[in-house]
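Below: one structure, written as structure tokens.
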Amino acid sequence: MATASKAKKNKKQKQKQKKKKQFFGIAEWYGKRFIDLTTAERKTLAVTKNTAMNCPFFEQVPALGPKSGKLHCNKKGGVCSLRNFHEPLTPKDDITFGPITATCPNRFLEDGTIAKHIGRYVLGTEEPLFAKEIAFLMRPKTGEVGAAEADAAAEEEEAEEAEEEAGTEAAAPESGREDVGRIDLVFVHPDNREKWCAVEMQAVYFSGGEMGKDLAVIRAQSPTDNSPPMPGAARRPDFRSSGPKRLMPQLQIKVPTLRRWGKKMVVVIDKPFLESMSKMDHQAHISNCDIVWVVVRFDEEPGSGKAKLVIDQTVNTTLDDAVKALTSGTPTTLPAFEDKLAGKLGEVFKA
């Protein structure tokens, strides 16, 4: 019995060794490429409050920024995006880096590129009008529970308006009040107010060590060492939380109604997000789709100090295909599942 237990333990340790930890660190910090910053610049940003720094993407398209008109960064820590840091194989090698993936939806606002593209592709204009935070689902107002829900909604709305006036509203993914009852952004044709589309910008959450550990490494780095440091903790983009848990409910609730109205839902994501999904069947013409996926990537020019948002592709899909792509995966085998089960068993009632 002891031999079997030891064999299982050894197998588990080997599996852990095979699993290589991912070290996703800062790709862009207040709009600047992390790897282009000097050590002195990184140290300064590490102790700077986000409210003291303007968001460069708000500055480029102020109309799509906060209603308060205040353009400071509203994401704690000021990290716009992440990328994988690959440790050097030998002391002579440098750190290598993976592609950039956005962790803040404001990153998609760069130069109004997506606004022009969505306007042109969906509405037939490069200068669409816009509206933000339009009520979509009406809360029930009958009965004790319905009245309480309505009161809570009114209080939330008042709190959000107060935050907007003060310029302290949080970036959408971190606000803690994501509301499927509203459409966050709508683009409208300037000459035909009945021609409009809903827009959802989906950045990615991350899972793993807090960013504060990276800041500690930056603060401790020697002033004479200008090389970008490795992240202070293992972490990775959590596409599972960002896609099936956050984006999919938004689509399932909003798209059927939009479809009945004859309107399109546009979803803005980046290329790594798309690559985390299963393959979707593409509809050749926009008239046959429910969702228009605008996929962007971030091109880099060494030494430029920043990455450039470009449209990578535009994909037309049905809601059903989108849901399958967000949720599907290859099921594990029964032996593999039971092997994992055996390693996690514990007694409910211990003697």
Side-chain angles (χ1 to χ4, degrees), residues 22-62 65-66 68-88 94-111 163 166-175 203-206 208-237 270 298-309:
Q22 292 185 312
F23 287 85
F24 274 75
I26 303 170
E28 294 169 292
W29 208 359
Y30 297 109
K32 300 172 183 176
R33 275 206 329 165
F34 183 77
I35 59 178
D36 287 327
L37 296 170
T38 65
T39 298
E41 289 170 331
R42 286 193 285 265
K43 285 178 180 290
T44 298
L45 291 180
V47 295
T48 302
K49 286 188 176 181
N50 61 290
T51 51
M53 297 287 291
N54 272 7
C55 169
F57 312 114
F58 284 163
E59 289 181 324
Q60 290 165 10
V61 196
S68 64
K70 296 182 179 179
L71 303 180
H72 63 70
C73 172
N74 58 13
K75 191 174 194 299
K76 188 177 179 182
V79 176
C80 314
S81 56
L82 297 178
R83 71 188 325 163
N84 206 352
F85 284 54
H86 303 288
E87 290 184 280
D94 293 326
I95 298 172
T96 55
F97 306 96
I100 293 172
T101 186
T103 53
C104 177
N106 301 332
R107 180 63 187 88
F108 295 124
L109 298 179
E110 182 186 334
D111 288 333
E163 284 180 349
T168 57
E169 64 273 35
E174 298 191 342
S175 67
V204 68
Y205 304 106
F206 70 81
E210 61 181 24
M211 295 304 300
K213 293 182 178 180
D214 290 35
L215 302 186
V217 170
I218 291 166
R219 288 193 290 266
Q221 189 174 15
S222 168
T224 58
D225 180 8
N226 267 329
S227 60
M230 282 291 294
R235 73 178 63 82
R236 59 178 176 77
D270 57 30
F298 302 102
D299 287 354
E300 302 176 73
E301 293 180 12
S304 67
K306 60 183 181 180
K308 182 177 177 58
L309 179 148

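Here the structure is a predicted model, which is why all the values come from computation and not from measurement. No hydrogens, no waters, no symmetry mates; every other heavy atom, side chains included, goes into these values.
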Do the side chains of [Y] and [X] get nearer than 4.5 Å, heavy atoms only?
X	Y	result
Arg33	Glu300	yes
Arg42	Pro228	yes
Val79	Thr103	yes
Met53	Thr48	yes
Phe23	Met230	yes
Arg219	Val47	yes

Minimum-distance pair of heavy atoms, taken over all atoms of [X] and [Y]:
X	Y	answer
Cys73	Gly78	SG-CA, 3.8 Å
Asn84	Gln22	ND2-NE2, 4.0 Å
Ala203	Ala102	CB-O, 3.5 Å
Val217	Pro229	CG1-CB, 3.8 Å
Asp36	Ser304	OD2-N, 4.1 Å
Ile26	Ile218	CD1-CD1, 4.5 Å

Does a donor on one side chain and an acceptor on the other come within less than 3.5 Å for Thr39 and Asn226?
->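 Judged by distance alone, the side chains do pair up.
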Just say parallel, tilted or perpendicular for the rings of Phe85 and Phe97, cut-offs at 30° and 60°.
->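 Geometry flag for Phe97 against Phe85: perpendicular rings.
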Between Phe34 and Arg83, is a side-chain contact (heavy atoms from CB on, under 4.5 Å) present by the stated rule, with each step listed?
-> CA-CA 10 Å; Phe34 183 77; Arg83 71 188 325 163; over 6 Å; no
Can you measure from [atom1] ([X]) to [atom2] ([Y]) and round to the nearest 0.5 angstrom?
X	Y	atom1	atom2	value
Glu87	Asp94	CD	CG	13.5 Å
Glu110	Cys80	CD	SG	10.0 Å
Tyr30	Phe57	OH	CZ	13.0 Å
Asp299	Ile100	CG	CD1	9.0 Å
Cys104	Lys76	SG	NZ	15.0 Å
Gln221	Ser227	CD	OG	5.5 Å

Give a yes or no on whether Lys43 atom NZ has more than 12 heavy-atom contacts from other residues, nucleotides or ligands under 6.0 Å away.
-> yes
Can you check ring-ring contact (aromatic ring centres under 6.0 Å, His included) on Phe24 and Phe206, steps first, answer last?
-> CA-CA 9 Å; Phe24 274 75; Phe206 70 81; 9.8 Å; no
Identified side-chain contact (heavy atoms from CB on, under 4.5 Å) partner of Leu45 from the options Leu215, Leu37, Asn50 =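 Going through Leu215, Leu37, Asn50 one by one, the side-chain contact (heavy atoms from CB on, under 4.5 Å) with Leu45 is satisfied by Leu37 alone.
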Give the C-alpha distance, both sets of side-chain angles, the deciding distance and a yes or no for side-chain contact (heavy atoms from CB on, under 4.5 Å) between Ile35 and Ile95.
-> CA-CA 10 Å; Ile35 59 178; Ile95 298 172; over 6 Å; no
Could Lys308 and Glu301 be called an ion pair, given the rule that one side-chain N must be under 4.0 Å from one carboxylate O?
->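 The answer is no: the pair does not qualify as a salt bridge.
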Does the pair Asp270/Arg107 count as a salt bridge with the N-to-O cut at 4.0 Å?
-> no
Test item: Ser81 side-chain N/O and Glu28 main-chain N/O as donor-acceptor pair under 3.5 Å |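 Yes, the answer is positive, given that a donor and an acceptor are paired below the 3.5 Å cut-off.
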